[in-house]
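The chains referred to below are lettered A, B, ... by the order of the sequence lines, with proteins before strands, and numbering in each begins at 1. Everything quoted here is computed from the prediction, not taken from an experiment. Both backbone and side-chain heavy atoms feed into the values below; hydrogens, waters and symmetry mates do not.
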2 protein chains.
Amino acid sequence: MSLEHAILGFLNYHPYSGYDLKKIFDTSIRHFWPADQSQIYRTLARLEENGLAEMERIPQEDRPDRKVYHITETGRAELLRWISGPPPLGEPRSAPLIQVFFSGQLSDEKILAKFEGYAAIMRAILSQYDQVPAQIGPFQQEIPSPREHFFWMLTLENGLANLRANLQWAESVIERIKSGQVPKE
Amino acid sequence: MSLEHAILGFLNYHPYSGYDLKKIFDTSIRHFWPADQSQIYRTLARLEENGLAEMERIPQEDRPDRKVYHITETGRAELLRWISGPPPLGEPRSAPLIQVFFSGQLSDEKILAKFEGYAAIMRAILSQYDQVPAQIGPFQQEIPSPREHFFWMLTLENGLANLRANLQWAESVIERIKSGQVPKE
DNA sequence: AATCGATATATGATTAATCATATATAAACA
DNA sequence: TGTTTATATATGATTAATCATATATCGATT
């Protein structure tokens with residue numbers, strides 16, 4: 001359901017094709033909701049079936065017609081209903097924490113390497129975040145009013161806050177490993 | 001794949017039935033990897049098919065036989081291989097952030113209510129975390145050696161760190177809304 | 001000359017996870 | 001007396017998401 005509403009959110013700004021939407025996703029909300037190309041197309045078809053969007057076929061020569069989707073009044077109402085509603089919390093899932101849970105099986109050196117690798121990944125992702133705002137460029141005219149831009153930045157802030165929390169956690173674990181605070185048995 | 005390895009991790013401590021494992025999941029790693037009962041049973045069957053676990057049928061009267069699963073040498077090797085390997089990072093997914101991204105559509109009052117609701121949920125979950133260590137009771141003899149307990153606590157710490165980061169983020173947004181820092185258009 | 005990337009949509013196959021429901025009995029509880 | 005809880009496993013149906021692949025053409029690069 002989340003992808004449906006994310007697409008409705010963008011169609012509420014402007015009519016787009018599936019191809020457009022894939023690029024928009026990759027340059028805006030990818031950091032908290034990546035979307036597969038095939039899933040976008042299928043979801044657009046479902047939105048049309050359910051009367052939340054309408055398709056306009058734009059003929060082209062030498063390549064497939066563009067199918068541009070417009071949000072309907074029903075779609076706009078559904079979008080607002082959903083945004084106003086309670087936060088759609090999903091179950092938390094972190095496969096790396098499964099590794100951590102069972103890491104007692106490993107030697108202290110391997111555990112240290114594991115957490116240093118984890119910290120390195122967090123730092124690498126953190127450094128990518130700096131570049132994200134620059135990527136919005138291509139869509140600057142269509143999407144972000146100052147108000148919209150504010151909320152977009154809040155999602156980046158949230159991602160950064162979580163990354164920093166994870167990095168600090170990993171660093172504190174590294175310190176404890178180095179100072180011999182991991183029980184031997 | 002993650003569930004397979006989590007189950008292998010527990011079977012490596014001790015042989016268990018699917019019924020046992022469901023209770024163990026719910027009192028230990030539920031906060032970062034919840035598992036459905038039916039999925040546990042199907043995954044156990046697959047572990048056996050693949051030679052990573054062996055099933056021992058324990059007859060009972062008046063109720064279904066227990067099917068207790070023992071990890072095999074292959075299973076133990078696979079578990080160690082996986083734990084030693086790179087962190088299995090998944091794509092981040094946060095449906096609440098989709099709401100945030102499109103919240104510019106709402107009035108400032110509704111936005112304030114939304115973030116206050118979000119902060120309230122974070123606080124409620126935080127208070128639940130205090131009780132988690134008490135729930136391990138029933139399995140104290142079988143699972144946690146001091147070393148294992150240390151890593152189990154690390155997963156709790158990580159969950160807490162992320163919750164606090166999210167709560168602080170929500171609180172900082174609330175302050176900005178109250179002090180009129182949200183652009184009007 | 002051949003490959004690659006951009007434009008554009010589409011479908012088949014598979015996986016992981018969820019939800020609902022089924023069977024069967026005993027003990028405890030209201 | 002009837003309901004719930006605990007014990008124990010199992011399957012069918014569905015959803016969301018991923019992966020692979022197909023079609024078709026142009027322009028740019030190697």
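If you measure from atom CD of B:Q60 to atom P of D:dA8, you get 5 Å, rounded to the nearest angstrom. As rounded to whole Å, 13 Å separates atom P of C:dA27 from atom CD of B:E61. Here D:dT7 presents its C1' atom at 14 Å from CD1 of B:I58, a figure rounded to the nearest Å. Atom CZ of B:R30 and atom P of C:dA17 are 14 Å apart (whole Å). As rounded to whole Å, 7 Å separates atom P of D:dC19 from atom CG of A:D36. Per the geometry, CG belonging to A:L21 stands 13 Å off P belonging to C:dA8, to the nearest Å.
In this structure, the ring of B:F101 has its center less than 6.0 angstrom from the ring center of A:F10.
Distances from the side chain of B:K23 to the nucleotides D:dA17, C:dA17, D:dT7 place D:dT7 closest.
The stretch residues 80-93 of chain A participates, sequence neighbours left out, in these side-chain hydrogen bond (donor to acceptor under 3.5 Å, both in side chains) pairs: A:E78-A:R81.
Every residue two or more places apart in sequence or in another chain was checked for a ring-ring contact (aromatic ring centres under 6.0 Å, His included) with A:W33, and none qualifies. Taking the salt bridge (charged side-chain N to carboxylate O under 4.0 Å, His left out) definition, one finds that A:R76 meets it with A:E73, sequence neighbours left out. With sequence neighbours left out, the salt bridge (charged side-chain N to carboxylate O under 4.0 Å, His left out) criterion links A:R46 to A:E4.
Recorded end-axis angle for the helix from C:dA1-D:dT30 to C:dA30-D:dT1 stands at 20°, based on five pairs per end and rounded to 10 degrees.
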What string of B, S and - do you get for nucleotides 9-16 of chain C, 5' to 3', if B is base contact, S is sugar-phosphate-only contact and - is no contact with any protein heavy atom under 4.0 Å? BBBBB--S
Taking only distance into account, with no hydrogens and no angle test, what donor-acceptor pairs under 3.5 Å do side-chain atoms of residues 110-121 of chain A form with protein atoms, sequence neighbours excluded?
| unit_1 | atom_1 | unit_2 | atom_2 | d |
| --- | --- | --- | --- | --- |
| A:K114 | NZ | A:Q99 | OE1 | 2.8 |
| A:K114 | NZ | B:I83 | O | 3.3 |
| A:K114 | NZ | B:G85 | O | 2.8 |

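B:M1 belongs to no hydrophobic cluster with other residues, because no ILVMFWY side-chain heavy atom falls under 4.5 Å from its own, directly or through intermediates. Grouping Ile, Leu, Val, Met, Phe, Trp and Tyr by side-chain contacts under 4.5 Å, direct or through others, puts A:Y19 with A:Y41.
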